[in-house]
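Indexing begins at 1, ligand by ligand and atom by atom, following the structure's order.
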Amino acid sequence: MKIAILSRNRNLYSTRRLIEEGINRGHEVRVIDCLHCYMNITSASPRIHYHGETLEGFDVVIPRIGASVTFYGTAVLRQFEMMGVFPVNESVAITRARDKLRSLQLLARKGVGMPVTGFANKPDNVPELIKMVGGSPVVIKLLQGTQGIGVVLAETRKAAESVIEAFMGLKADILVQEYIKEAGGSDIRCFVIGDKVIAAMKRQAPEGEFRSNLHRGGTASLVRITPEERRTAVTAAKAMGLNVAGVDLLRSSRGPLVMEVNSSPGLEGIERATGKNVAGMIINWTEKNQKLGKTRTRGRG
Ligand code: ADP
Ligand code: MG
């Protein structure tokens, strides 16, 4: 196969591993920086230009679109889809997953367990909003945050009100969520490929911290997940329409709760924690499914 990896940096661990495993299996692999692509989007025969060249002959595109380039990156991916190139994750699915409110609404529709979550735009009735999610302590999240930045634990009602009012005063989009204390500062990252969880790790926050992000000093270890956790992760990825996804779960007293679904899950943490060749499994899955050519939208989404 001729594989395009949509990534801004070929030196990132995940990109490097996908190149390596693609080449190991006899494929031609090229890294394409989406920001250097330009396109005539009105043409009936869609093409992509790149550093003066017209991109041609690709069978597969593996999107690794960073959060900061979602808008342009998904447009380039859509153009690949219109050209008939098989996307490992479709642009519509990535767009869904990048919108925290939209993804929680989609998960709710499929009956996937989640922490009770509320959102509002105006500070009119902050105490009601807090009551709606079960009262303090609550977790308040900035919608555009990543890597744990913009996630705040407010222990008391007063603290929650102040933080919510402050964020709203800054016109920041937020959601307010039930705090899952039993999780004990840990979460479970399930790596989904197709309809299977192929690897899972537990991330534990350092002492005195409730956020388990590795960027916040969390540590990762191999974990065995239950059949219910497995089912929940696969259902969540399916609800988004993602073939490759990182589904983050909290272990609560009422079962697994989905926190978020990541459309470009990093490979470094999961490969190191589990010793599994996740990049190779992605290439394997791609080989099988590219032949079937089953995509939902072909850029129509
Ligand atoms: P980000 O997108 O910045 O990673 P998350 O929603 O994943 O934000 O939250 C960061 C971390 O905070 C999670 O990995 C988890 O450890 C902790 N956390 C988030 N929400 C809750 C919650 N409702 N209850 C308990 N812990 C939470
Ligand atoms: Mg997270």
### Residues forming a salt bridge (charged side-chain N to carboxylate O under 4.0 Å, His left out) with E178, sequence neighbours excluded
R254
### Message
I'd like to know whether NZ of K202 has more than 12 heavy-atom contacts from other residues, nucleotides or ligands below 6.0 angstrom.
### Response
no
### Task
Verify the neighbour count for atom CD of E165: are there more than 12 heavy atoms of other residues, nucleotides or ligands below 6.0 Å?
yes
### Task
For the pair D248 and R203, find out whether any cationic side-chain nitrogen is under 4.0 Å from an anionic carboxylate oxygen.
yes
### Task
Could you verify whether a donor N or O on one side chain and an acceptor N or O on the other, from T286 and N284, lie under 3.5 Å apart?
no
Table of N or O contacts for ligand 1, cutoff 3.5 Å:
from: ligand 1; atom 1: 2 (O); to: K100; atom 2: NZ; distance (Å): 3.3
from: ligand 1; atom 1: 2 (O); to: E260; atom 2: OE1; distance (Å): 3.2
from: ligand 1; atom 1: 2 (O); to: E260; atom 2: OE2; distance (Å): 3.2
from: ligand 1; atom 1: 3 (O); to: Q147; atom 2: N; distance (Å): 3.2
from: ligand 1; atom 1: 3 (O); to: G148; atom 2: N; distance (Å): 2.6
from: ligand 1; atom 1: 4 (O); to: N213; atom 2: ND2; distance (Å): 2.8
from: ligand 1; atom 1: 4 (O); to: E260; atom 2: OE2; distance (Å): 3.3
from: ligand 1; atom 1: 6 (O); to: K141; atom 2: NZ; distance (Å): 2.6
from: ligand 1; atom 1: 7 (O); to: E260; atom 2: OE2; distance (Å): 2.8
from: ligand 1; atom 1: 14 (O); to: D187; atom 2: OD2; distance (Å): 3.1
from: ligand 1; atom 1: 14 (O); to: S212; atom 2: OG; distance (Å): 3.1
from: ligand 1; atom 1: 16 (O); to: F210; atom 2: O; distance (Å): 3.3
from: ligand 1; atom 1: 16 (O); to: S212; atom 2: N; distance (Å): 3.0
from: ligand 1; atom 1: 16 (O); to: S212; atom 2: OG; distance (Å): 2.9
from: ligand 1; atom 1: 20 (N); to: K141; atom 2: NZ; distance (Å): 3.1
from: ligand 1; atom 1: 23 (N); to: Q177; atom 2: OE1; distance (Å): 3.1
from: ligand 1; atom 1: 23 (N); to: E178; atom 2: O; distance (Å): 2.9
from: ligand 1; atom 1: 24 (N); to: I180; atom 2: N; distance (Å): 2.9

### Cluster overlap V244 with F86, hydrophobic side-chain contacts below 4.5 Å
yes
### Query
With hydrophobic residues grouped by side-chain heavy-atom distances under 4.5 Å, do I174 and M132 end up in a single group?
yes
### Message
Using only atom types and a distance under 3.5 Å, with no angle test, would you say the side chain of Q79 pairs donor to acceptor with the backbone of R47?
### Response
yes
#### Entry: the Mg ion (ligand 2): protein N, O or S atoms that are less than 2.8 Å away, sorted by chain
E260 OE2
Just distance, no hydrogens or angles: give the donor-acceptor pairs under 3.5 Å from side chains in residues 107-117, sequence neighbours left out.
from: T117; atom 1: OG1; to: P115; atom 2: O; distance (Å): 2.7
from: T117; atom 1: OG1; to: Q177; atom 2: NE2; distance (Å): 3.0

